[in-house]
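Nothing here was measured: the structure is a model prediction, and the numbers come from that model.
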Amino acid sequence: MSRILIIEDDRAIALGLRLNLRRDGHEVRIAQDGETGLRMALEPDVDLIVLDVMLPGRNGYELLKEVRKQGSTASVLMLTAKGTESDKILGLKLGADDYLSKPFGLGELLARVEALLRRRPAAPEKSTVIRFGPVEVDLDRQLVTRNGSTVDVSPQEFRVLRLFLTSNGRALSRDDILARCWGAEYEGTPRTVDNFVRSLRVKLELNAEEPRHFLTVRGHGYRFER
């Protein structure tokens, strides 16, 4: 399963692409502005980025330049209403792998995505089991154990847990967690995140009232520490 990030401020396009890419078996995330898109694009598990050029906050060219500067090897398919040769050349020089002008046919986009993913080198084998304290999490099998006994976590709890475990100790805002675990269209509140973090603390911390792993970052959100 490939992990695809769609950075597109047109909600209808983003949701439509996510629906069809998920049908093809991919894990899909959405960002709707340049700053959020940049943070999500730099996550180490992103395989391919579908990137719009015209974005609020930071345009696609600026984002692409920064992503490549910071060493991301994710494939990038640029989407834009600009279809001139000079625009395409600029995107390709900055590190895009392919370019598609709007309006585009859905079938062509899906075919280009599959072609880009086929060209990616095989990822090196790495452990998908993460341990902290008495807890062991198998990311591939979506299995959580504590002191050798299975812990019952819901699919949504596991999405939040996976985000924490793969965040490399970075502080995550409540809004960022909402967008990445529930989707950009979810209309919940930051309190939703608090409730899920509380549940993970109860199930996985030695003492939920004095957490050692799921830490609060005052005025911002949360951070995971092994």
- [ ] Check step by step if side chain to side chain contact (heavy atoms under 4.5 Å, CB included) holds for Leu15 and Ile30.
- [x] CA-CA 8 Å; Leu15 295 180; Ile30 293 176; 3.9 Å; yes

Open item on the list: With side chain to side chain contact (heavy atoms under 4.5 Å, CB included) as the criterion, how do Glu62 and Asn59 come out once you've worked through the C-alpha distance, each side chain's angles and the decisive distance to 0.1 Å?
Closed with: CA-CA 5 Å; Glu62 295 170 336; Asn59 70 44; 3.4 Å; yes

TODO: List the steps, then state whether side chain to side chain contact (heavy atoms under 4.5 Å, CB included) holds for Leu77 with Ile49.
DONE: CA-CA 6 Å; Leu77 171 60; Ile49 302 167; over 6 Å; no

Task: Asp45 and Arg29: CA distance, side-chain angles, deciding distance, salt bridge (charged side-chain N to carboxylate O under 4.0 Å, His left out) verdict - done: CA-CA 12 Å; Asp45 62 347; Arg29 306 163 186 171; 2.7 Å; yes

- [ ] For salt bridge (charged side-chain N to carboxylate O under 4.0 Å, His left out), just list the numbers for Glu209 and Arg198, CA-CA rounded to whole Å, side-chain angles, deciding distance to a tenth of an Å, and then say yes or no.
- [x] CA-CA 9 Å; Glu209 302 306 321; Arg198 170 66 181 173; 2.9 Å; yes

Open item on the list: Under the criterion side chain to side chain contact (heavy atoms under 4.5 Å, CB included), I'd like the reasoning laid out for Leu139 against Val129: C-alpha separation, chi angles, the key distance, then a yes or no.
Closed with: CA-CA 6 Å; Leu139 297 178; Val129 176; over 6 Å; no

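Using a 4.5 Å cut-off between side-chain heavy atoms of Ile, Leu, Val, Met, Phe, Trp and Tyr, with links allowed through other members, Ile4 and Leu19 fall into different hydrophobic clusters. Val50 and Phe104 fall within the same hydrophobic cluster, where Ile, Leu, Val, Met, Phe, Trp and Tyr residues are linked whenever their side-chain heavy atoms come under 4.5 Å apart, directly or through other members. No continuous path of ILVMFWY side-chain contacts below 4.5 Å connects Leu215 to Tyr222, so the two sit in separate hydrophobic clusters.
Applying the ring pair (Phe, Tyr, Trp, His ring centres under 6.0 Å) definition to pairs two or more places apart or across chains, those involving residues 151-173 are Phe164-Phe214. Pairs of residues two or more places apart, or lying in two chains, that qualify as salt bridge (charged side-chain N to carboxylate O under 4.0 Å, His left out) and include a residue from residues 217-226 are Arg223-Glu225. Applying the side chain to side chain donor-acceptor pair (under 3.5 Å) rule to pairs touching residues 47-57 yields Asp52-Lys102, sequence neighbours excluded. Among pairs with a residue in residues 105-114, those fulfilling salt bridge (charged side-chain N to carboxylate O under 4.0 Å, His left out) read Asp98-Arg112, Glu108-Arg112, at least two apart in sequence or across chains.
With sequence neighbours excluded, the residues that form a side-chain hydrogen bond (donor to acceptor under 3.5 Å, both in side chains) with Lys203 are Glu157. Under the side-chain hydrogen bond (donor to acceptor under 3.5 Å, both in side chains) criterion, Arg146 pairs with no residue at all, not counting sequence neighbours. For Thr150, the side-chain contact (heavy atoms from CB on, under 4.5 Å) partners are Leu143, Thr145, not counting sequence neighbours. Take Arg68 and apply the side-chain contact (heavy atoms from CB on, under 4.5 Å) test, not counting sequence neighbours, and it matches Leu64, Ser72, Val76, Asp97. The ring pair (Phe, Tyr, Trp, His ring centres under 6.0 Å) check on His213 picks up Phe132, with sequence neighbours excluded. Remark: Asp33 pairs with Thr36 by the side-chain hydrogen bond (donor to acceptor under 3.5 Å, both in side chains) rule, at least two apart or across chains. Scored by the side-chain contact (heavy atoms from CB on, under 4.5 Å) test, Ala171 finds Val217, His220 as partners (sequence neighbours excluded). For Glu66, the side-chain contact (heavy atoms from CB on, under 4.5 Å) criterion is met by Leu38, Arg58, Lys69, Gln70, not counting sequence neighbours.
Val113 approaches Leu48 most closely through the heavy-atom pair O-CD1, 4.0 Å. Counting all heavy atoms, side chain and backbone alike, Gly91 lies closest to Tyr99 at CA-CE1, 4.4 Å. Scanning all heavy atoms of the two residues, the minimum distance from Pro190 to Arg174 falls at CB-CD, 3.6 Å. Nearest approach of Leu204 to Val135, heavy atoms of both residues: O-CG2, 3.5 Å. Considering every non-hydrogen atom in both Pro211 and Ala208, the closest pair reads CD-O, 3.6 Å. Minimum heavy-atom separation, Glu35 to Gly57: OE2-O, 4.0 Å.
Remark: Arg212 CZ is loosely packed, at most 12 non-hydrogen atoms of other residues, nucleotides or ligands lying under 6.0 Å away. No more than 12 heavy atoms of other residues, nucleotides or ligands lie within 6.0 Å of CG in Asp152, so this atom counts as exposed by the packing criterion.
How far CZ of Arg3 is from CG of Leu21: 14.5 Å, rounded to the nearest 0.5 Å. Between the NZ atom in Lys93 and the NZ atom in Lys65 there is a gap of 13.0 Å [rounded to 0.5 Å]. Note that CG of Asn168 and CD of Glu43 are 7.0 Å apart. Values are rounded to the nearest 0.5 Å. To the nearest 0.5 Å, the span separating CD on Gln32 from CG on Leu55 amounts to 10.0 Å. Distance check: His26 NE2 to Ile6 CD1 gives 10.5 Å after rounding to the nearest 0.5 Å. With rounding to the nearest 0.5 Å, the separation of CD1 in Ile7 from CE in Met40 is 8.0 Å.
A heavy-atom distance below 4.5 Å is found between the side chains of Val53 and Met78. Proximity of Leu110 to Asp24: side-chain heavy atoms (C-beta onward) are separated by under 4.5 Å at one or more points. A 4.5 Å side-chain heavy-atom check between Asp87 and Thr80 finds every atom pair outside the cut-off. With a 4.5 Å cut-off on side-chain heavy atoms, Asp194 and Val197 do not count as touching. Under the 4.5 Å side-chain criterion, counting only non-hydrogen atoms from C-beta, Ser75 is not in contact with Leu117.
Formation of a donor-acceptor pair under 3.5 Å by the Gln156 side chain with backbone atoms of Cys181 is found in this model. Of the possible donor and acceptor atoms, one in the side chain of Glu8 sits under 3.5 Å from a partner among the backbone N and O of Asp10.
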